[in-house]
Amino acid sequence: MCFSNIVNFDINGCNYKLPVVYGTYCYEKAINISQLRENTGFITFDPGFKNTGITKSSISFIDGEKGELLYRGYPIEQIINKCSFIETSYLLLNGELPNTGQLKSFSKRIEEFNSISKEIYKIFDKIPAFYHPMGILSSLTCILTAFTDSSTIQEEKDIYFHLLAKLPILAALTYRKKVGLPIHYVDVEKTTNNNNNLDYNYTYNLLKMFFSVPKKSYQINPVIPDALEKLLILHADHEQNCSTTTVRLLSSVHANLLSSVSAGISALWGRLHGGANQAVIEMLENILNSGGNIKKWIEKAKDKKDPFRLMGFGHRIYKNFDPRAKIVKKVAENVIQKLGISDPILELAKELEEIVLKEPYFMEKKLYPNIDFYSGIIYQAMGIPKDMFTVMFALGRLPGWMAHWKEMRLNREPIGRPRQIYIGYKKRNIH
Ligand code: ACO
């Protein structure tokens, strides 16, 4: 049952009525203030958009109080067990899961774009290996715009296949340069796998592009592509987060998809957003290297005068467990066990989590581990360097960004242009 469609409120003795907008679930409700300034002269003030719904969307849904995440209505726990990353990408982009034929042709179309031009290699060659991989990925994604024209993109929807194919290549090139592996574009371009499961090939190929060595057959423990597949799915979408909102804002002004995704990658880089996965491992290493005194670090996080925060804890929407974090924790334990690694960082993370969850400060503020808390442990076990963790996040988030970019266009949303309360000088003259 839904409630009133109108709210009444008074401003300075005048009564106003504003329409209420409901979501699929009636407790998702918003006061539509689009006429507020026109009718009352007031705007709303909501730094960080904590109480602002900026759009109607049907891609994913988070119930932060229950700790639930749905992609197009399907719970993340079901998606992770029954779908591949490519099926999930199809679902996010098209609204429904693909049938066998649709999945096959979707995967084939991605494969068709599985190369990048020599010009991009020439540009890539000039980028210093020490530059941060997220900066490289964002720049090269934007540069792709210059080499993507009507001769490469015949149909509008090709751009999605183009990007799903090329982002992993750019990431792999960045990794190879960073660790000193040979970059021969034919090696990277021609990545095929005998595995008949085409959609699963995507993740296998991704790993092969990263780690293959010329003249050696590429072998990998199956636990690794399986874990990466799960990580990509878990990162695939998360409604109006900072990077997705960035992509949507660019879409609102009709910026092209490649430059919009490039901006999304830059937003994701921030340490309070996707960059937290790198920050978590650095924090855990710091704790370990400084003697492992967890209590001391928790006290630092609680101290208002200390800027330190426990990285990997807290979320704007989840006021309960992040359901993705629960899955990532299990995947991390499985990877470490199957690879036979003894990882003091995983042990420390588990101990820290246990203590934090009993701490009144974190309980009162409803701060739980988020997706980034355990993901870095898995990337590290795979051999991904710390400053590339967020690149892996970006590869997973790509279908979500594209689905939101597309939804903005289809819904013909207005340009995203907030207002402000100006607190600078009043008009003055230069003397
Ligand atoms: N450690 C210590 N205190 C914290 C933490 C933390 N990790 N997170 C929030 N708090 C405290 C804040 O100090 C604040 O306290 P106050 O009300 O006494 O001032 C309160 O909890 C609310 O914090 P806000 O920053 O206002 O909450 P917001 O919703 O704006 O921020 C965020 C969410 C940015 C994720 C925050 O929890 C944080 O900084 N976490 C650490 C970074 C991190 O893990 N980011 C990844 C998020 S998931 C993702 O983007 C993929």
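Ligands are counted one by one from 1 in listed order, and the atoms in each one are counted from 1 as well. Residue numbers start at 1 and run along the sequence shown.
Inclusion of Leu310 in the set of residues having an N or O under 3.5 Å from an N or O of ligand 1 is warranted. Checked against a 3.5 angstrom limit, the closest N/O atoms of Leu272 and ligand 1 fall inside it. Where the criterion is an N or O separation shorter than 3.5 Å, residue side chain and backbone included, Phe362 fails it with respect to ligand 1. The shortest N or O to N or O distance between Arg271 and ligand 1 is not under 3.5 Å. Inclusion of Asn370 in the set of residues having an N or O under 3.5 Å from an N or O of ligand 1 is warranted. Considering backbone and side-chain N/O of Phe313, one or more are found under 3.5 Å from N/O of ligand 1. The N/O atoms of Arg309, backbone and side chain alike, include one that comes under 3.5 Å of an N/O atom in ligand 1.
Side-chain N/O atoms of Ser260 and Trp405 include a donor and acceptor closer than 3.5 Å. For the residue pair Asn241 and Ser243, a side-chain donor N or O sits within less than 3.5 Å of a side-chain acceptor on the partner. For Gln278 and Glu282, the side-chain atoms include at least one donor-acceptor pair closer than 3.5 Å. Counting only N and O atoms by type, the side chains of Thr55 and Glu413 include a donor and acceptor under 3.5 Å apart.
Counting heavy atoms closer than 4.0 Å to ligand 1, residue Arg316 contributes atoms from both its backbone and its side chain. Looking at Leu367 against ligand 1, only its side chain comes within 4.0 Å, counting heavy atoms.
Those atoms of ligand 1 with a heavy atom of Gly312 less than 4.0 angstrom away are 43 (C), 44 (O). Ligand-side atoms of ligand 1 in range of Phe393: 51 (C), range being under 4.0 angstrom from any heavy atom. Near Ala276, meaning under 4.0 Å from any of its heavy atoms, are these atoms of ligand 1: 43 (C), 44 (O), 45 (N), 46 (C). Close contacts of ligand 1 with Lys365, meaning ligand atoms under 4.0 Å from a residue heavy atom, involve 11 (C), 15 (O), 16 (P), 17 (O), 18 (O), 20 (C), 21 (O). Less than 4.0 angstrom separates some heavy atom of Ala301 from each of these atoms of ligand 1: 2 (C).
Just one residue in the list Val280, Asn286, Leu288 forms a side-chain contact (heavy atoms from CB on, under 4.5 Å) with Leu284, and that residue is Val280.
Few gaps surround CG on Asn293; more than 12 heavy atoms of other groups in view lie less than 6.0 Å from it. Remark: Phe9 CZ is packed, more than 12 non-hydrogen atoms of other residues, nucleotides or ligands lying under 6.0 Å away. Annotation: Arg37, atom CZ; neighbour count of heavy atoms from other residues, nucleotides and ligands within 6.0 Å does not exceed 12.
Put simply, part of Lys50 is less than 4.0 Å from ligand 1, judged by heavy atoms. Taking a 4.0 Å cut-off on heavy atoms, Lys304 registers as neighbouring ligand 1. Tyr361 counts as a contact of ligand 1, since one of its heavy atoms falls under 4.0 Å from the ligand.
Annotation: atom 51 (C) of ligand 1 to nearest protein heavy atom, Asp372 OD2, 3.3 Å. Closest to atom 50 (O) of ligand 1, if we only count protein heavy atoms, is His273 ND1, 2.9 Å. In this structure, the protein non-hydrogen atom closest to atom 48 (S) of ligand 1 is His315 CD2, 3.7 Å. Protein heavy atom in closest approach to atom 42 (C) of ligand 1: Met311 CE, 3.6 Å. When only non-hydrogen protein atoms are considered, atom 35 (C) of ligand 1 lies nearest to Gly314 O, 3.6 Å.
In terms of modelled atom types and a separation under 3.5 Å, the side chain of Gln102 and the main chain of Asn99 share a donor-acceptor contact. In this structure, the side chain of Thr52 does not engage the main chain of Ile54 through any donor-acceptor pair within 3.5 Å. Distance alone, capped at 3.5 Å, is enough to place a donor-acceptor pair between the Ser290 side chain and the Ile287 backbone. Arg176 contributes no side-chain N or O that, together with a main-chain N or O of Leu181, makes up a donor-acceptor pair within less than 3.5 Å.
One finds the OG1 atom of Thr245 at 11.5 Å from the CG atom of Leu250 (value rounded to the nearest 0.5 Å).
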Q. Which is it for Phe61 and Tyr74 under the ring-ring contact (aromatic ring centres under 6.0 Å, His included) test, yes or no, and what are the steps along the way?
A. CA-CA 9 Å; Phe61 173 68; Tyr74 297 116; over 10 Å; no
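For atom 2 (C) of ligand 1, the nearest protein heavy atom is under 4.0 Å away.
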